[in-house]
Amino acid sequence: MLACLRSLRDLRDPLALILPVLMLLPLPLVLRCQEAYCGFIVLLMAVYWCTEIIPLAITAIVPVLLFPMFGIMTSKEVCKQYMKDTNMLFLGGLMVAVAVESCNLHKRIALRALLLVGVRPALLMMGFMGVTAFLSMWISNTATTAMMVPIAQAVLDQLNTTAPQPGDPEPGHGQTAGDQELEEKNATNDGIQPALISPVVQTQDADMEREMRMSAVPHSDEQSEQQRLRKMLSLSVCYSASIGGTATLTGTGPNLVLKGQFSHFGRLRRDNSSREQAAYGIIQGEYRKLGLMSFAEKLVLGLFILLIALWFTREPALCAAGGSLFNREGKEFVTDATVVMFITFLMFIMPSHRPRLKGWAWNRTVEAEPGSDSGERKDHRSGRLLDWKEVQRKLPWNVVLLLGGGFALAKGCEVSGLSLWLGSQMLPLQNLPPWSIAALLCLLLAIFTECTSNVATATLFLPILASMAVLIKLNPLYVMIPGTLSTSFAFMLPVATPPNAIVFSYGHLRVTDMVKAGFVLNLIGVVSVTVAINTWGRAMFHLDTFPTWANISRSP
């Protein structure tokens, strides 16, 4: 019996790879059309992403293999999707985060945040969710998450150090659990370190080793609580970034798609328990040890503020002198990615210590500045704010493939006609009451956006929803507004939206964690949007009447 179970365990991975292919293969073999081919690829990738039978980044390159084979897109067209503007924004945001961590600024911000909001989990989540949601109203969700997650991780690391467990190793500064596992594996491989390492790529062997260690060493209640808190705070940051972006027109891409289609058509009290008071006192002591801000911290903080200011004033509506200078003739020459790459470029050339009278001294080590926490402050080997070797070591490069796979999948759905076919199936909804139409469409788009990018989903579905509404004499805004908001409810998969991928890259979450939390949040979002559009939304947008502009925009 044990031998049989052992052989089944050995066959688990091959069966998990082959069975989805065999179960979905009748779809392209029977229908033999591009829509069916693309549907087969979408479903296959969704299964692989959910089961993690192969690394997520490797699943993301499936379109490069299957789209050309099925004749959906050429290889050149598919490969272009893997380095888009969003990918550059993602890389730039994380490189800024590396600079913040390298100069120790993130620890100062983390300790200051703990002093302001306290150490209770509810207050931590409230503080980070409020700041993240507010920032994502004005700047991109991706950039907001890339900035906030390292700070959140630093806060958790600092909070965990206030109550160390007996026998536990001292956590490294700014080091995540995924980084510690990677260092342990590298130490056992005779010092050989791969060139590109990302905590996103988790093999089944690593998962089995981690599960064996977890089962062999019982976790205390405090360790389990810390792990849950790390998961909760990670999810709250990426989810609040997606939710906050729905509040303003420029907060997220789907809202701008809606605009284009429409144009065409009190403080809480702290818990003064003895344990929290002790932790709060230790945090105060750690903050005092930091002393005065170093030159590198001040410079990185100034560039960080400049980055936020440029993001806020990039749009011509906010700053005509800035935005219209580069974005002219109806083309958007400067994007958020351009801004963050400009700041990143400055960080690679600016010194990490105060320049001397002789000019910039690119020394490898410098003396400690007044108020520093040690006699010798660690500096970049190159003497600059950002060092390329450090960026290579800390950046989750494979997430770029993960994001590119989502963009390629969305483009394939558009080219193959799968998205158009799905939208045309909505016409029979005209026999249902309007409130149920809105609810069903919200649920459909919330599910579809898990496998495709939010902007692509809105771009493909909003024109179809508008046409359907005109055909059944329903106010187009009645389905377009809730449909637009629902495309931002991508909470269940790491590849559903860049904020999810950024949070997942830190290695504290499994796909199942995100699926369980995201499923509940999706239902809450769909219900909230349905209630809103059928209550105050009716009065605000006069949804009970069929507008004249809907007939005029589509008159022959």
Side-chain angles (χ1 to χ4, degrees), residues 17 21 24 28 33-49 52-95 140 142 146 194-198 200-201 253 331-333 335-338 340-341 344 391-392 395-420 448-460 490 493-502 504-505:
L17 282 170
V21 178
L24 297 172
C33 61
Q34 285 203 331
E35 292 88 343
Y37 299 154
C38 187
F40 166 76
I41 298 172
V42 170
L43 293 176
L44 183 63
M45 293 178 65
V47 172
Y48 284 167
W49 271 329
E52 293 185 87
I53 192 60
I54 56 177
L56 299 181
I58 302 304
T59 302
I61 64 176
V62 168
V64 179
L65 174 65
L66 295 185
F67 278 178
M69 290 179 59
F70 282 97
I72 297 175
M73 297 173 63
T74 65
S75 180
K76 291 183 178 180
E77 293 173 341
V78 179
C79 292
K80 288 180 181 178
Q81 307 302 316
Y82 284 82
M83 189 52 70
K84 297 174 70 71
D85 182 79
T86 303
N87 297 87
M88 299 302 295
L89 175 62
F90 169 76
L91 291 176
L94 287 187
M95 281 192 279
S140 90
T142 306
L196 299 179
I197 297 178
S198 171
V200 175
V201 182
K331 296 181 180 180
E332 191 178 20
F333 289 94
T335 64
D336 288 340
T338 311
V340 74
M341 283 301 171
T344 302
V391 170
Q392 283 183 310
L395 233 63
W397 294 98
N398 288 342
V399 181
V400 178
L401 289 177
L402 194 64
L403 298 178
F407 294 138
L409 203 60
K411 187 65 175 179
C413 292
E414 177 186 357
V415 172
S416 65
L418 177 62
S419 299
L420 183 62
F448 192 84
T449 194
E450 297 291 345
C451 297
T452 61
S453 70
N454 304 349
V455 177
T457 303
T459 303
L460 298 172
L493 294 177
V495 295
T497 187
N500 292 10
I502 293 173
F504 189 82
S505 68

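Here Ile41 contributes atom CD1 and Leu409 contributes atom CG; the two are 8.0 Å apart, rounded to the nearest 0.5 Å. The SG atom of Cys413 sits 11.0 Å away from the CD atom of Glu35 when rounded to the nearest 0.5 Å. Put simply, CD on Glu414 and SG on Cys38 are 10.5 Å apart, with the number rounded to the nearest 0.5 Å.
Of all heavy-atom pairs between Tyr82 and Gly405, the closest is CE2-N, 3.4 Å.
In this structure, the side chain to side chain contact (heavy atoms under 4.5 Å, CB included) partners of Val391, at least two apart in sequence or on a different chain, are Met95, Val98, Phe348, Leu386, Trp388, Leu395, Trp397. Every side chain to side chain contact (heavy atoms under 4.5 Å, CB included) that Leu24 has, sequence neighbours left out, goes to Phe40, Leu43, Leu44. With sequence neighbours excluded, the residues forming a side chain to side chain contact (heavy atoms under 4.5 Å, CB included) with Ala46 are Cys451, listed by chain and number.
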Validation: residues 58-78 side-chain donor-acceptor distances under 3.5 Å, sequence neighbours left out:
from  : atom 1 : to    : atom 2 : distance (Å)
Thr59 : OG1    : Pro55 : O      : 3.4
Thr74 : OG1    : Glu77 : N      : 3.3
Thr74 : OG1    : Glu77 : OE1    : 3.4
Glu77 : OE1    : Thr74 : N      : 3.2

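Remark: the backbone N or O of Ala490 is paired with a side-chain donor or acceptor of Asn500 at under 3.5 angstrom.
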Run the numbers on Met341 and Leu91 for side chain to side chain contact (heavy atoms under 4.5 Å, CB included), then give the verdict.
CA-CA 9 Å; Met341 283 301 171; Leu91 291 176; 4.2 Å; yes
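You'll find the side chain of Tyr48 reaches within 4.5 Å of the side chain of Val21, heavy atoms only.
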